[in-house]
There are 4 protein chains.
Amino acid sequence: MPAARRRGRPPDPQLAETRRRALVAAASEAFAQQGYAAAGIADIDARLESGHGTFYRHFESKREILDHVVDDAIARLVASVLPDPAALQTGSAEEFLALVDELIGRVFAVVDAEPDVLCLLLLETTSIDEAMTLRLLNAVEGVTGAVAAALEDGVRDGFLRADLDTHAVAAQALYLLVPGLLRTIRGGLQGEDRDRYRRGVVELLARGIAPAA
Amino acid sequence: MPAARRRGRPPDPQLAETRRRALVAAASEAFAQQGYAAAGIADIDARLESGHGTFYRHFESKREILDHVVDDAIARLVASVLPDPAALQTGSAEEFLALVDELIGRVFAVVDAEPDVLCLLLLETTSIDEAMTLRLLNAVEGVTGAVAAALEDGVRDGFLRADLDTHAVAAQALYLLVPGLLRTIRGGLQGEDRDRYRRGVVELLARGIAPAA
Amino acid sequence: MPAARRRGRPPDPQLAETRRRALVAAASEAFAQQGYAAAGIADIDARLESGHGTFYRHFESKREILDHVVDDAIARLVASVLPDPAALQTGSAEEFLALVDELIGRVFAVVDAEPDVLCLLLLETTSIDEAMTLRLLNAVEGVTGAVAAALEDGVRDGFLRADLDTHAVAAQALYLLVPGLLRTIRGGLQGEDRDRYRRGVVELLARGIAPAA
Amino acid sequence: MPAARRRGRPPDPQLAETRRRALVAAASEAFAQQGYAAAGIADIDARLESGHGTFYRHFESKREILDHVVDDAIARLVASVLPDPAALQTGSAEEFLALVDELIGRVFAVVDAEPDVLCLLLLETTSIDEAMTLRLLNAVEGVTGAVAAALEDGVRDGFLRADLDTHAVAAQALYLLVPGLLRTIRGGLQGEDRDRYRRGVVELLARGIAPAA
DNA sequence: AATGAATGAGAGTTCATTCAT
DNA sequence: CATGAATGAACTCTCATTCAT
């Protein structure tokens, strides 16, 4: 006699994961478009044409799925912009600035493709609760740290200012993008305007990090 | 027949204005501390030990008072930082940077004095609705415009880079303050750390806006 | 100038108490007729033609009002049956049994007047939760104790059996009423049948507590 | 054409019966421990590590299985206490009281062995709905009837009071046990205390049913 | 003019029940 | 025949808003 086979429909772990992802995607949309407070579980369900119960089979609460939505958004953003942290290695100021230019381009590309991601992170996340704010700040800190490390390398290799406050400049570099991203999400900063904005940021950083003449 | 004189103490328009101001202040506190969604009308009333009815005598709705709260916050912020737009006039790069340094100091002073103001504007305001977001962005745009005009003057007078994207740089200059302000609100960016932060921003701008050598 | 009069409608503490009582009465009815689990807040409100919010202004939760409903029921029952604990004093077996007969009559009278009271206490209360069960058992224990004390007096005075387990008999005396009360609530044990039932209980006790011949 | 033989293992009616019994046992536990309202289908399934579907293959609804749970509990109780109704035949007052004593002992033994049975019957069953209450009362009536018949025999044979209201006394005999059973379920009425309680009941009945001296 | 009791729409959540696999 | 994912009605509870006093 073979090992007793389990009766019934075999549970499909993929299915659960698929559902969860669909729910996170739907919640992401709902939260980005209507706001976390204004969006109801019903709005999430409606996007999937599923019942409320399904939501609660996969997530404990509205608040819990927000964590996943935000983690997901951060992960997608980071994956699109910084797929390989090792790629931050550069050997000269020119290379470094080219890399920055490239990364900025990728950030804009993500926002074009999925504006919801940034709506959520920039606009919604800050007003939920303490835990969520910390979650976001940690993520920002992570990226800041990676950029700071890259700057550190440049300082060590002599093509960046010796007295650079790398962490501060890394944070500045990120926040320099924010006004451009907001204009992109809202009005649509595009084409020539966007290129100018992008060049402006690179130029500002270029001057900011260049070794003293 | 003359208009019938109403009996009793005539309504005092000043009193109404006083009440409104007190309500806006209370709402400001409540929204900043608990968040707009979490704060209830009851929380606002409780701070004044008045009834809900009083609130609705002076404001149409919770949403309406938020407009006043935000306008008030913006006005106080601008008044503290930029009391006289004419003061933005400067005659040299050194003067200009000294002015920037001065303004940054004033911003930090406001946050020290009334952290609620910035909690509201930076964290809460973005997640209410479209109209509120526009209201905030308009205010930011106003300040950005003033700064951009000052930069324009500098360009015209030759002590700033001729090819400066003045509007973009003005916006960036504002957003460069955000990480510092957030750290101030949260952990308390103070003393030496704050000075370093401040110098970092001024330095970045100094290099970024200097005319090509 | 006289002491500043408080503005607005003076709060009426009586009103709140009246409402609370009305809610307790409505809840009592609802719980007795539909059962605690099946009765919804809406059913309580409907009886008073008031909104859900009114309920929650006066009580924290459905579970909380049940405590009041039960306390109320116990109090009314005890007040009707044992208005004066001192009245339990008797001087002879005949007097004692006459008192028992009288008390049984009063219990039936309460059930006739307010069957809900007993529906609640006998049928619903036992299946809510541990705390509620204890609340009821404590009340029963109180009455049992009073009856036991009366029996104790009789033993001491020599007109009851010397070896009487007073507490056990007191409890049994109470529970002997249960089948009759249930039949009253349900079918209606009335008239001659009820008298017979009553005499049966008195007779059993009479024989049970008499001193050994 | 002969009826098409179904493929595979033919459904085993015994298996179905086994399942049903297991479900009833699990439901019995769940209802007794958590209460009917609080226990969910999921709690029943969890005890058997089976799925909800299995439950609904064997029972129509949560309400339906309760009928079986209660019938089962009553049957087990009766089987343990009164395995053979013919055994109620006795020939003298002493024999009769010895039998009563014996039966009381068996009731306590059941409660020791399966407290759930009485928890369910005494505490839960009364608050479900009309039909369930009737079901329980019918069962009680059945037992009361059997006891009454035994009393009737004693009256006929002259060793019990000629004017005994046999039905009423039978009911009284049952309810005399209730406070003791409740104390057993809850605190644990045991050892010497239980014996005293038991003797008290027997004594009370002994006096109650003895022929007039 | 001020009060706060009352309102009730609507929120998040649970769970008995169904049914595709 | 078993499974458990899916369903959605119904629940308790909250809170912005109204209005009798």
Side-chain angles (χ1 to χ4, degrees), chain A residues 5-12 15-16 18-19 37-45 48-63, chain B residues 8-9 11-12 15-16 19 37-45 48-64, chain C residues 5-12 15-16 18-19 37-45 48-63, chain D residues 6 8-9 11-12 15-16 19 37-45 48-63:
Chain A
R5 266 200 301 125
R6 243 179 100 54
R7 307 284 193 78
R9 168 185 182 179
D12 180 353
L15 184 62
T18 306
R19 278 270 179 202
I41 302 296
D43 296 303
I44 299 173
D45 298 331
L48 303 178
E49 295 180 57
S50 66
H52 310 159
T54 303
F55 177 91
Y56 284 96
R57 164 163 298 279
H58 296 283
F59 296 94
E60 292 262 318
S61 66
K62 185 183 173 187
R63 182 63 184 76
Chain B
R9 193 218 281 189
D12 178 352
L15 187 67
R19 277 266 184 206
I41 301 297
D43 295 303
I44 298 171
D45 297 331
L48 302 177
E49 299 181 54
S50 67
H52 309 161
T54 303
F55 177 92
Y56 283 94
R57 172 160 302 281
H58 295 284
F59 296 94
E60 291 266 316
S61 67
K62 184 183 174 184
R63 182 61 186 78
E64 193 218 329
Chain C
R5 265 199 303 125
R6 240 180 103 57
R7 305 286 192 77
R9 170 187 182 178
D12 179 354
L15 183 63
T18 307
R19 278 271 179 203
I41 301 298
D43 295 303
I44 299 172
D45 298 330
L48 303 177
E49 296 180 58
S50 66
H52 311 159
T54 302
F55 177 92
Y56 284 97
R57 164 164 299 279
H58 295 283
F59 296 94
E60 292 262 318
S61 66
K62 184 183 173 186
R63 181 63 185 75
Chain D
R6 288 193 48 204
R9 193 217 282 190
D12 178 352
L15 187 67
R19 278 267 184 207
I41 301 297
D43 295 303
I44 299 172
D45 297 331
L48 302 178
E49 298 181 54
S50 67
H52 309 161
T54 302
F55 177 92
Y56 282 95
R57 173 158 303 280
H58 294 284
F59 296 95
E60 290 265 318
S61 67
K62 184 183 173 186
R63 182 61 186 76

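Every value quoted in this text rests on a predicted model; they were computed, and no experiment measured them. The chains referred to below are lettered A, B, ... by the order of the sequence lines, with proteins before strands, and numbering in each begins at 1.
- Across the protein-nucleic acid pair, A/Arg19 atom CZ and E/dT21 atom P stand 12 Å apart, rounded to whole Å.
- Atom CG of C/Leu15 sits about 6.0 Å away from atom OG1 of C/Thr18, to the nearest 0.5 Å.
- The shortest distance between the side-chain N/O atoms of A/Arg57 and the OP1/OP2 oxygens of F/dA5 is below 4.0 Å.
- Atoms CD1 (C/Ile44) and C1' (E/dA6) sit 17 Å apart, rounded to a whole Å.
- Using a 4.5 Å heavy-atom threshold, the side chains of D/Leu48 and D/Phe55 count as separate.
- C/His58 places its NE2 atom 16 Å from the C1' atom of F/dC13, with the value rounded to the nearest Å.
- Annotation: the span from C/Ser50 atom OG to C/His58 atom NE2 amounts to 8.5 Å, rounded to 0.5 Å.
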TODO: Starting at the 5' end of nucleotides 11-18 of chain E, put B wherever the base has a protein heavy atom under 4.0 Å, S where only the sugar-phosphate does, and a dash everywhere else.
DONE: -SBBBSBB
Task: Pairing string, 5' to 3', for DNA chain F - Watson-Crick or wobble contacts under 3.5 Å, brackets [ ] where pairs cross, | to another strand - done: .||||||||||||||||||||
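- Rounding to the nearest 0.5 angstrom, the gap separating the CG atom in D/Asp45 from the NE2 atom in D/His52 is 5.0 Å.
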